[in-house]
Enquirer: 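Dropping a structure here in structure tokens format, bear with me for questions.
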Amino acid sequence: MTNGQRRVVVVGAGLIGLCCALALSRAGADVVVLDEASTLPPASWGNAGHIAIEQVSPLASPQALSAAAGRLFAWGGPLDFRWADVSAWGPWARRYLEACAPARFATGRDSLAKLLSDAIPAWRRLASALGSPELLKENGHWVVWESAKSAAAGMAAWDRAETGQAVLQPLDAWALDQIAQALKVRPAGGMRFMGTGQISDPGLALEALKRSVIDAGGEIRRAKVRRLFMDGGQARLALDEDVILQGDQIIIAAGVGSGRLLRDIGHAAPLVAERGYHIEGDAADWPKDAPPVVFEDRSMIVTRFGDRLRAASFVEFAHHESPPDRRKWARLEQHVRQLGLPLAPPVKRWSGSRPTLPDYLPAIGVSGRASNVIYAFGHQHLGLTLAATTGEMVAALASGDTPSPDISAFTIERFGQSAMRIAA
Ligand SMILES: Cc1cc2nc3c(=O)[nH]c(=O)nc-3n(C[C@H](O)[C@H](O)[C@H](O)COP(=O)(O)OP(=O)(O)OC[C@H]3O[C@@H](n4cnc5c(N)ncnc54)[C@H](O)[C@@H]3O)c2cc1C
């Protein structure tokens with residue numbers, strides 16, 4: 001560390017933490033990233049790789065609420081609430097219902113749309129800074145349906161939907177032929193989304209980010225942050241074995257682990273683990289240039305990463321630490337068999353948690369409790385999409401600048417204060 005350099009401690013080496021760390025290092029800060037590095041790779045590694053700028057409508061919406069019953073796992077859908085884990089999602093669900101009110105939904109959609117509008121340009125800047133422009137593929141994505149009825153209903157629904165800067169049109173016969181050749185059944189119809197994209201491999205993106213943080217003079221350390229506490233008006237970090245760490249600034253970007261840390265200093269941070277599952281196998285003869293394909297009847301997205309093909313699905317409300325539900329992998333394997341998807345052995349299984357707040361908006365801002373704490377978490381289904389833009393915003397906040405677009409809708413203060421005692 002050189003004289004006058006700000007020392008910044010970033011908690012979390014997922015995509016959000018690493019993007020923050022790199023942007024901060026490039027802005028001249030002395031950065032240390034802490035990650036507990038649990039045995040299971042985080043959501044930043046296991047996601048579907050889709051830069052989903054079309055998802056401007058928060059899932060806390062009147063429409064999502066009315067469709068929920070028909071989407072339950074028990075009826076073949078992707079949505080599951082683990083009863084054994086009701087303590088994890090019960091209080092969250094009450095706040096979710098409130099957030100579905102039409103006026104809150106409309107305000108949230110406007111704020112999210114503005115945030116998403118810079119997601120692809122921010123990824124372009126990031127990929128270029130990483131020296132890996134090939135990480136970002138601006139090839140859109142496809143949505144397909146298996147029956148004429150679901151295709152007609154699905155296309156009509158997308159035609160009515162707000163999709164931000166993404167543009168869509170019916171999928172042409174050439175594209176349908178491409179995937180039909182690799183499937184048992186030809187899709188009955190589809191939509192082509194333009195303006196969206198893909199990260200060529202989330203695991204490679206994480207590695208490239210780690211390398212760049214280190215090249216920029218930063219450090220990545222394996223350590224679990226046990227708690228945040230206040231000391232003389234500033235927050236400090238307590239690590240294992242009573243090691244206390246302080247930074248001029250602390251960035252909380254620990255995915256689902258962020259809620260507990262922020263509650264330590266008095267914020268209500270009603271975060272839930274919205275768990276997803278994927279299976280991944282050899283891509284065999286899946287078309288090399290196909291973008292991510294959503295099989296909407298099955299709520300499953302299929303993405304090619306190099307020689308591997310990944311099929312991902314499910315929204316399971318549970319404790320982050322609960323054992324995975326093997327039935328979900330079995331369901332994914334059944335989809336693969338029924339479609340004839342060329343996802344060949346060796347097949348690997350993964351599950352991980354999306355960090356989700358009740359209104360399906362992220363939390364990005366400076367803590368009103370400890371001015372040296374900046375938080376960036378709660379990116380739900382859009383953490384890969386919004387990682388680059390979030391990093392830039394956090395670097396602006398850390399320099400005392402006002403990020404653009406306005407991020408006041410993402411303040412954690414919107415959830416009030418924690419009922420927990422603030423550690424002195
Ligand atoms: C199946 C699935 C598919 C998805 N597909 C997409 C997609 O296509 N596009 C998209 O945009 N998003 C997608 N997402 C969502 C996206 O993956 C997440 O929003 C994103 O990864 C969140 O990143 P993060 O850095 O906040 O959290 P994480 O990736 O969870 O990283 C948090 C890190 O913090 C560390 N940590 C936590 N607590 C502590 C602590 N106390 N001390 C030290 N370290 C700690 C953890 O070890 C972890 O490494 C998907 C998610 C899932 C599950």
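Along the sequence shown, the residues carry numbers beginning at 1.
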Enquirer: Can you list everything that forms a side chain to side chain contact (heavy atoms under 4.5 Å, CB included) with L204? Sequence neighbours excluded, please.
Expert: L135, D201

Enquirer: For a quick test of reading the model, state the closest non-hydrogen atom pair linking A376 to T390 and the distance between them.
Expert: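 Result for this residue pair: CB-CG2, 3.7 Å.
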
Enquirer: Any non-hydrogen side-chain atom of H50 less than 4.5 Å from a side-chain atom of I301?
Expert: yes

Enquirer: If every non-hydrogen atom of A312 is compared with every non-hydrogen atom of L332, which pair is closest and at what distance?
Expert: C-CD2, 4.3 Å

Enquirer: Can you tell me if CZ on R349 sees more than 12 non-hydrogen neighbours from other groups inside 6.0 Å?
Expert: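 Yes, the 6.0 Å shell around CZ holds more than 12 heavy atoms from other groups.
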
Enquirer: Given D118, which of Q165, R125, M393 fulfils the side-chain contact (heavy atoms from CB on, under 4.5 Å) condition?
Expert: R125

Enquirer: Is it true that S399 and D401 share a donor-acceptor pair across their side chains at a distance under 3.5 Å?
Expert: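 The criterion, which ignores hydrogens and geometry beyond distance, is not satisfied for S399 and D401.
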
Enquirer: Would you be so kind as to tabulate the donor-acceptor pairs closer than 3.5 Å made by side chains of residues 286-296, with sequence neighbours excluded?
Expert:
{"residue": "E296", "atom": "OE1", "partner": "W145", "partner atom": "NE1", "Å": "3.1"}
{"residue": "E296", "atom": "OE2", "partner": "W158", "partner atom": "NE1", "Å": "3.0"}

Enquirer: Decide yes or no on side chain to side chain donor-acceptor pair (under 3.5 Å) for S367 and H267, but give the supporting numbers first.
Expert: CA-CA 8 Å; S367 165; H267 288 290; 2.8 Å; yes

Enquirer: Hey, does I199 have a side-chain heavy atom less than 4.5 Å from the side chain of W123?
Expert: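 A side-chain contact under 4.5 Å exists here.
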
Enquirer: Heavy-atom distance under 4.5 Å between the side chains of E54 and E162, does that happen here?
Expert: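 No; the side chains remain at least 4.5 Å from each other.
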
Enquirer: Please say which of H379, Q380, E274, Q55 ends up in a side chain to side chain donor-acceptor pair (under 3.5 Å) with Y360.
Expert: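 Exactly one option meets the side chain to side chain donor-acceptor pair (under 3.5 Å) with Y360, and it is E274.
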
Enquirer: Does a side-chain heavy-atom distance below 4.5 Å link F377 with I364?
Expert: no

Enquirer: For a quick test of reading the model, state the closest non-hydrogen atom pair linking A235 to V373 and the distance between them.
Expert: CB-CG2, 3.4 Å

Enquirer: Is it the case that the side chain of S322 and the backbone of A318 share a donor-acceptor pair, with hydrogens and angles ignored and the cut-off at 3.5 Å?
Expert: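 Checked: no pair found.
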
Enquirer: Taking the side chain as every heavy atom from C-beta outward, state whether D35 and I220 have any pair of such atoms under 4.5 Å apart.
Expert: no

Enquirer: Nearest 0.5 Å, what's the CG-CG distance between L168 and D159?
Expert: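 The CG atom of D159 is 6.5 Å from CG of L168, to the nearest 0.5 Å.
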
Enquirer: Is there any side chain to side chain donor-acceptor pair (under 3.5 Å) pair reaching into residues 188-200, and which pairs are they, with sequence neighbours excluded?
Expert: H141-T196, D172-R192

Enquirer: Can the ring centroids of F81 and F73 be said to lie less than 6.0 angstrom from one another?
Expert: no

Enquirer: With the side chain counted from C-beta on, respond yes when V8 and V32 share a heavy-atom pair under 4.5 Å apart, and no when they do not.
Expert: no

Enquirer: Considering all heavy atoms of both residues, which atom of A387 and which atom of I16 are nearest to each other, and what is their separation?
Expert: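 Taking A387 first and I16 second, the nearest heavy atoms are CA-CD1, 3.7 Å.
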
Enquirer: Could you state the interatomic distance from CG (L130) to CG (L22), rounded to the nearest 0.5 Å?
Expert: 6.0 Å

Enquirer: Side chains of P133 and S128, heavy atoms from C-beta outward: is any pair under 4.5 Å?
Expert: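 Sidechains of S128 and P133: no contact.
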
Enquirer: List the residues meeting side chain to side chain contact (heavy atoms under 4.5 Å, CB included) with E134, not counting sequence neighbours, and say none if there are none.
Expert: S132

Enquirer: Please tell me if the side chains of D85 and E321 come closer than 4.5 Å, counting only heavy atoms from C-beta onward.
Expert: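 D85 does not reach E321 side chain to side chain.
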
Enquirer: Closest heavy-atom contact between A188 and A148?
Expert: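 In terms of heavy atoms, the two residues are closest at CB-N, 3.6 Å.
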
Enquirer: If I take atom CZ from residue R260 and atom NE2 from residue H320, how far apart are they, to the nearest 0.5 angstrom?
Expert: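 It comes to 11.0 Å.
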
Enquirer: Do F317 and W92 have ring centres separated by under 6.0 Å?
Expert: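 Yes.
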
Enquirer: Any salt bridge between D177 and R186, counting N to O under 4.0 Å?
Expert: yes

Enquirer: Could you check T411 against S408 for side chain to side chain donor-acceptor pair (under 3.5 Å), going step by step and ending with a plain yes or no?
Expert: CA-CA 6 Å; T411 172; S408 51; over 6 Å; no

Enquirer: Would you give the length of the straight line joining atom CZ of F415 to atom CG of L271, rounded to the nearest 0.5 angstrom?
Expert: 9.0 Å

Enquirer: Can I get a per-line list of side-chain donor-acceptor pairs under 3.5 Å for residues 250-259, giving both atom names and the distance, sequence neighbours left out?
Expert:
{"residue": "S258", "atom": "OG", "partner": "A254", "partner atom": "N", "Å": "2.9"}
{"residue": "S258", "atom": "OG", "partner": "G255", "partner atom": "N", "Å": "3.3"}
{"residue": "S258", "atom": "OG", "partner": "G255", "partner atom": "O", "Å": "2.8"}

Enquirer: Considering non-hydrogen atoms only, spot the tightest contact between A283 and R308 and give its length.
Expert: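 Heavy atoms of A283 and R308 come nearest at CB-C, 3.8 Å.
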
Enquirer: Assess whether atom CZ of R124 is packed by more than 12 heavy atoms of other residues, nucleotides or ligands within 6.0 Å.
Expert: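 For R124, atom CZ is crowded (more than 12 foreign heavy atoms under 6.0 Å).
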
Enquirer: Enter the distance from L171:CG to F193:CZ here, rounded to the nearest 0.5 Å.
Expert: 10.5 Å

Enquirer: Backbone N or O of S299 within a donor-acceptor pair of the S313 side chain at under 3.5 Å?
Expert: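 Checked: pair present.
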
Enquirer: Just wondering, more than 12 heavy atoms not from R326 lying within 6.0 Å of its CZ?
Expert: no

Enquirer: Any side chain to side chain donor-acceptor pair (under 3.5 Å) pairs touching residues 97-117, not counting sequence neighbours?
Expert: R94-E98

